[in-house]
Q: 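Got a structure here, written out as structure tokens. Questions coming.
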Amino acid sequence: MAPKLLTLLAVLSFSALSLLTPSLAEEGQDNGLVMNFYKETCPQAEDIIKEQVKLLYKRHKNTAFSWLRNIFHDCAVQSCDASLLLDSTRRSLSEKETDRSFGLRNFRYIETIKEAVERECPGVVSCADILVLSARDGIVSLGSPHIPLKTGRRDGRRSRADVVEEFLPDHNESISSVLDKFGAMGIDTPGVVALLGAHSVGRTHCVKLVHRLYPEIDSALNPDHVPHMLKKCPDAIPDPKAVQYVRNDRGTPMILDNNYYRNILDNKGLLIVDHQLANDKRTKPYVKKMAKSQDYFFKEFSRAIALLSENNPLTGTKGEIRKQCNVANKHHEEP
């Protein structure tokens, strides 16, 4: 075959392949995040964040639960852009002051981490990356393996309190709704089951579970677990200022492990979503698998956290690098 004809066929074949095969950017796989984004601009950034998380955890053990909740509450609401951290303004309510953020706290310690990073590299590291990396390092404090996470996020300029209910899965929703909301972020069923394993640590406030105790006890609850719940939540209408709560896992309350799955298979889950997770035919097989294998739980949990942390980030020239995590930089307006 003539060389010119071979060249023409090669060009045509390459062109056809190009038409059939979308680029990584078109598939949404290139979101601008990379491993070790600050290696040139602030090489000590991740070490500083890790050290601060360790120091804070040593002084205040509950900070680790806060970091874990932060990544869920921020990244699930449209974007991992630290919108959760913004204070309310005269024009808008902050996400952290909505009813869905009840129990969230320790935001001041995010500022402590930010200040430490700013001393090393002013105006370089975003609050969004600090939020994600503090969650990763907080998870390690709770007994999980280190999860490699990409960085390069930039900060949003406004809070999204008006759409929190639309995007954030709720513990009283159907499991179908929970799966759909996580699915929109690219997180599949085993990933959802693994993420809810975060209920292995921390506590659930009585206001979130009294409907399972009053006026009648939910028959789905393990009767051996009910007396403890009633002792911790003795009032049908709890006083929010009293901070009444039940530990999610009485066995290992400070360790992120697969004990959660054994508990919910034994009907000791505190929330409706815990009960549904253990009984729905779509999720139960993964619950049983994670109950048997902590390695499998950690593998799926790590994968799901990475996916959650990469939900629609602001990168490149979008957003900004906030000077303070609770306030957008002055003289900026949301485009």
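Hydrogens, waters and symmetry mates are skipped; everything else that's a heavy atom, side chains included, is used.
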Q: Specify the closest pair of heavy atoms between R203 and V243, including all atoms of both residues, with the distance to one decimal.
A: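 Here R203 and V243 meet closest at NH2-CG1, 3.9 Å.
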Q: If only atom types and distance count, is the side chain of S126 paired as donor or acceptor with the main-chain N or O of R153 below 3.5 Å?
A: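 It does hold such a pair.
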Q: Is a donor from one side chain sitting under 3.5 angstrom from an acceptor on the other, for R282 and S176?
A: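 A pair is found: one side chain offers a donor N or O, the other an acceptor, under 3.5 Å apart.
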Q: Donor-acceptor check, side chain of D266 to backbone of K268, threshold 3.5 angstrom: yes or no?
A: no
Q: So if you build clusters from Ile, Leu, Val, Met, Phe, Trp, Tyr with side-chain heavy-atom gaps below 4.5 Å, do Y296 and L195 land together?
A: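 In one cluster with Y296: L195, yes.
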Q: More than 12 heavy atoms of other residues, nucleotides or ligands under 6.0 Å from CG of D99: is that the case?
A: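 No - once you tally the heavy atoms of other residues, nucleotides and ligands closer than 6.0 Å, there are 12 at most.
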Q: Hey, could you give me the SG/CD distance between C80 and E310, rounded to the nearest 0.5 Å?
A: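 Those atoms lie 8.5 Å apart.
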Q: Between D170 and K181, does any NZ, NE, NH1 or NH2 come within less than 4.0 Å of an OD or OE carboxylate oxygen?
A: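 So K181 does not pair with D170 through a salt bridge.
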Q: Could you tell me if D137 and S134 have a donor-acceptor pair between their side chains, going purely by distance under 3.5 Å?
A: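 There is no such pair (donor and acceptor under 3.5 Å, judged by atom type) between the side chains of S134 and D137.
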Q: Counting heavy atoms not belonging to K54, are there more than 12 under 6.0 Å from its NZ?
A: no
Q: Would you please test T89 and S92 for side chain to side chain donor-acceptor pair (under 3.5 Å) and show each step?
A: CA-CA 5 Å; T89 66; S92 64; 3.3 Å; yes
Q: Judged by modelled atom types alone, do D81 and S83 share a side-chain donor-acceptor pair under 3.5 Å?
A: yes
Q: Linking I/L/V/M/F/W/Y whenever any side-chain heavy atoms sit under 4.5 Å apart, do V140 and I48 land together?
A: no
Q: Would you say R100's side chain and V164's backbone share a donor-acceptor pair under 3.5 angstrom?
A: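 Answer holds: no.
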Q: Do side-chain atoms of R322 reach the backbone of C325 as a donor and acceptor pair under 3.5 angstrom?
A: yes
Q: May I ask whether F72 and L256 are part of the same hydrophobic cluster, defined by side-chain heavy atoms of I, L, V, M, F, W, Y residues being less than 4.5 angstrom apart, directly or through others?
A: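 As far as the 4.5 Å side-chain criterion goes, L256 and F72 are connected within one cluster.
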Q: Are K288 and Y286 in a cation-pi setup, meaning NZ or CZ lies under 6.0 angstrom from the ring centre and within 45 degrees of the ring axis?
A: no
Q: Using every non-hydrogen atom in the two residues, find where I264 and A278 come nearest and quote the distance to one decimal.
A: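 Smallest interatomic distance, heavy atoms only, reads O-CB, 3.4 Å.
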Q: Any side-chain donor-acceptor pair under 3.5 Å between N62 and Y57?
A: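 No, Y57 and N62 have no side-chain donor paired with an acceptor closer than 3.5 Å.
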Q: Which heavy atom of F107 sits nearest to which heavy atom of N70, and what is that distance?
A: CE2-OD1, 3.7 Å
Q: How many angstroms lie between atom NE2 of H199 and atom CG of N263, to the nearest 0.5 angstrom?
A: 13.0 Å
Q: Please tell me whether N312 and S79 have a donor and an acceptor in their side chains that are separated by less than 3.5 angstrom.
A: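 No, S79 and N312 have no side-chain donor paired with an acceptor closer than 3.5 Å.
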Q: For residues Y261 and D274, determine if any side-chain heavy atom of one lies less than 4.5 Å from a side-chain heavy atom of the other.
A: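 No - every pair of side-chain heavy atoms lies 4.5 Å or more apart.
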Q: Please check: side-chain N/O of N267 versus main-chain N/O of L221, any donor-acceptor pairing under 3.5 Å?
A: no
Q: Check this for me: does any side-chain nitrogen of one of E46 and K50 sit under 4.0 Å from a carboxylate oxygen of the other?
A: no
Q: Shortest non-hydrogen contact from P190 to M290?
A: O-CE, 3.4 Å
Q: Do E320 and R154 sit within salt-bridge range, that is, some charged N less than 4.0 Å from a carboxylate O?
A: no
Q: Of all heavy-atom pairs between S309 and L149, which one has the smallest distance, and what is that distance?
A: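 The pair with the smallest heavy-atom distance is OG-CD2, 3.8 Å.
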Q: Just so I know, are the side chains of L213 and D218 near enough to count as touching, which here means a heavy-atom distance under 4.5 Å?
A: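 Not touching, per the 4.5 Å side-chain cut-off.
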Q: Quick one: closest heavy-atom pair of F167 and V77, and the distance?
A: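 That closest heavy-atom pairing would be CB-CA, 4.0 Å.
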Q: Measuring only between side-chain heavy atoms, which start at C-beta, is I321 closer than 4.5 Å to V125?
A: no
Q: Quick one: do R136 and V132 satisfy side-chain contact (heavy atoms from CB on, under 4.5 Å)? Show the steps, please.
A: CA-CA 6 Å; R136 179 189 70 184; V132 164; 5.8 Å; no
Q: Taking S302 for the side chain and K299 for the main chain, is one N or O donor matched with an acceptor at less than 3.5 Å?
A: no
Q: Taking atom types as modelled, is there a side-chain donor on S94 or D87 under 3.5 Å from an acceptor on the other?
A: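 Per modelled atom types, S94 and D87 side chains form no pair under 3.5 Å.
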Q: Do R303 and E300 meet the salt-bridge criterion of a basic N to acidic O distance under 4.0 Å?
A: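 Yes.
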Q: Output the distance between atom CE (M185) and atom CG (N311), rounded to the nearest 0.5 Å.
A: 6.0 Å
Q: Is any NZ, NE, NH1 or NH2 atom of the basic residue among R262 and D257 found under 4.0 Å from an Asp or Glu carboxylate oxygen of the other?
A: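 Answer for the salt bridge query: no.
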Q: Under 4.5 Å between side-chain heavy atoms, counting indirect links through other Ile/Leu/Val/Met/Phe/Trp/Tyr residues: same cluster for L93 and L104 or not?
A: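 No.
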Q: Before giving the answer on side-chain contact (heavy atoms from CB on, under 4.5 Å), spell out for K208 and H171 the whole-Å C-alpha distance, their side-chain angles and the decisive distance to 0.1 Å.
A: CA-CA 9 Å; K208 301 288 187 182; H171 63 90; 3.5 Å; yes
Q: Please assess D129 against T151 for the test side chain to side chain donor-acceptor pair (under 3.5 Å), listing each intermediate value before the final yes or no.
A: CA-CA 6 Å; D129 277 340; T151 44; 4.8 Å; no
Q: Set out, in order, the CA-CA distance, both residues' side-chain angles and the distance that settles side-chain contact (heavy atoms from CB on, under 4.5 Å) for W67 and L131, then state yes or no.
A: CA-CA 7 Å; W67 309 148; L131 183 149; over 6 Å; no
Q: Is there a donor-acceptor contact under 3.5 Å from the side chain of Y214 to the main chain of I237?
A: no
Q: Give the cluster check for I255 versus F298: same hydrophobic cluster or not, with ILVMFWY residues linked at side-chain heavy-atom distances below 4.5 Å.
A: no
Q: Please evaluate residues I272 and H211 with respect to the criterion side-chain contact (heavy atoms from CB on, under 4.5 Å), reporting the C-alpha separation (whole Å), side-chain torsions for both, the decisive distance (0.1 Å), and the verdict.
A: CA-CA 10 Å; I272 294 294; H211 63 283; 3.7 Å; yes
Q: Please check this pair: side chain of E173 against backbone of V178, looking for a donor-acceptor N/O pair closer than 3.5 Å.
A: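 No, the answer is negative, given that no donor and acceptor are paired below the 3.5 Å cut-off.
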Q: Look at the side chain of T204 and the backbone N and O of V246, then say whether any donor-acceptor pair between them is shorter than 3.5 Å.
A: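 No, because the side chain of T204 does not come within donor-acceptor range (under 3.5 Å) of the backbone of V246.
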Q: Tell me, do F65 and R69 make a side-chain contact under 4.5 Å, heavy atoms counted?
A: no
Q: Are the side chains of V201 and M254 in contact, using a 4.5 Å heavy-atom criterion?
A: no
Q: Measure the shortest side-chain to side-chain distance between V210 and D235 over non-hydrogen atoms and say whether it is less than 4.5 angstrom.
A: no
Q: Between atom OH of Y260 and atom CG of L277, what is the distance when rounded to the nearest 0.5 Å?
A: 5.0 Å
Q: So, do H275 and L270 sit near enough that their side-chain heavy atoms are less than 4.5 Å apart?
A: no
Q: Checking the side chain of N248 only, and the main-chain atoms of S200 only, is there a donor and an acceptor separated by less than 3.5 Å?
A: no
Q: Measure the shortest side-chain to side-chain distance between Y109 and N106 over non-hydrogen atoms and say whether it is less than 4.5 angstrom.
A: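 Counting from C-beta outward, Y109 and N106 do come under 4.5 Å.
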Q: Atom CG of L56 and atom NE2 of H60: how far apart are they, to the nearest 0.5 Å?
A: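 Output value for this atom pair is 6.5 Å.
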Q: To the nearest 0.5 Å, what is the distance between CG on L307 and CG on D188?
A: 7.5 Å
